[in-house]
Structures are given as structure tokens and as C-alpha cells.
Amino acid sequence: MIREPAEIKIDENGRVELPLGLLAEAGLSPESSIVAFSRGDGRIVLRRAEDAMRDLVENGTLD
């Protein structure tokens, strides 16, 4: 199921809060480790750390 996008504001310290529903839909919990990277085209990608590291080792790329 794809949910409606959530507009999220960046606070004055550069932090964002992600809705729990969005995290759960992605298979993440509040204590999950993630890897964040920019694609350089206005997108920031967040991935479960274990998935990103596996892809980096197997394919030489984070995504």
C-alpha cells in the first residue's frame, strides 16, 4: 500500500521527524539504523543500513 506523501519541515537545527506510520511502512522502527545519502538531484535517500551495506558489497552501490 502506498500512503499519501507527508510534508515534513526541517527545523532550525537541520533535523526532521518522520511519522511513525511512514517508518513502519518502510520496515523501520525508532531504533533502526539507516544510511542517508543524496542523489544530487534534490533527493535524499534513507535506507535500512543492512540493506544498503549489502548492496554496496554485492553491487558497489548503495541503491
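In what follows, every heavy atom counts, from backbone to side chain, and hydrogens, waters and symmetry copies are set aside. Heads up: numbering here begins at 1 and tracks the sequence.
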Undergrad: Flag the pair Arg39 and Asp41 as a salt bridge only when some basic side-chain nitrogen lies within less than 4.0 angstrom of an acidic carboxylate oxygen.
TA: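 Not counted as a salt bridge, because no side-chain N and carboxylate O are separated by less than 4.0 Å.
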
Undergrad: With rounding to the nearest 0.5 angstrom, report the CZ to OG distance, Arg47 to Ser33.
TA: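 So the gap between those two atoms works out to 14.0 Å.
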
Undergrad: Can you hop from Val57 to Val35 via hydrophobic side chains spaced under 4.5 Å?
TA: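 As far as the 4.5 Å side-chain criterion goes, Val35 and Val57 are not connected within one cluster.
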
Undergrad: Measure across Leu62 and Ala52 and return the closest heavy-atom pair with its distance rounded to 0.1 Å.
TA: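 So the two residues come closest at CD2-O, 3.8 Å.
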
Undergrad: Please say yes or no: joined through hydrophobic side-chain contacts below 4.5 Å, possibly via intermediate residues, are Ile8 and Leu20 part of one cluster?
TA: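 Yes, it is one cluster - the side chains of Ile8 and Leu20 are joined through contacts under 4.5 Å.
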
Undergrad: Do Ile34 and Leu18 share a hydrophobic cluster, counting only Ile, Leu, Val, Met, Phe, Trp and Tyr and linking them when any side-chain heavy atoms are less than 4.5 Å apart?
TA: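 Ile34 clusters together with Leu18.
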
Undergrad: Has the side chain of Arg48 got a donor or acceptor atom that lies under 3.5 Å from a matching backbone atom of Leu28?
TA: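 Side chain of Arg48 to backbone of Leu28: no pair is present.
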
Undergrad: Within the side chain of Asp11, is there an N or O that forms a donor-acceptor pair under 3.5 Å with the backbone of Asn13?
TA: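 Between the backbone of Asn13 and the side chain of Asp11 there is a qualifying donor-acceptor contact (under 3.5 Å).
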
Undergrad: Is Arg15 salt-bridged to Glu17, going by a charged N under 4.0 Å from an acidic O?
TA: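 No, no charged N to carboxylate O under 4.0 Å.
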
Undergrad: Working to the nearest 0.5 Å, report the span between CZ of Phe37 and CG of Leu56.
TA: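 It comes to 10.0 Å.
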
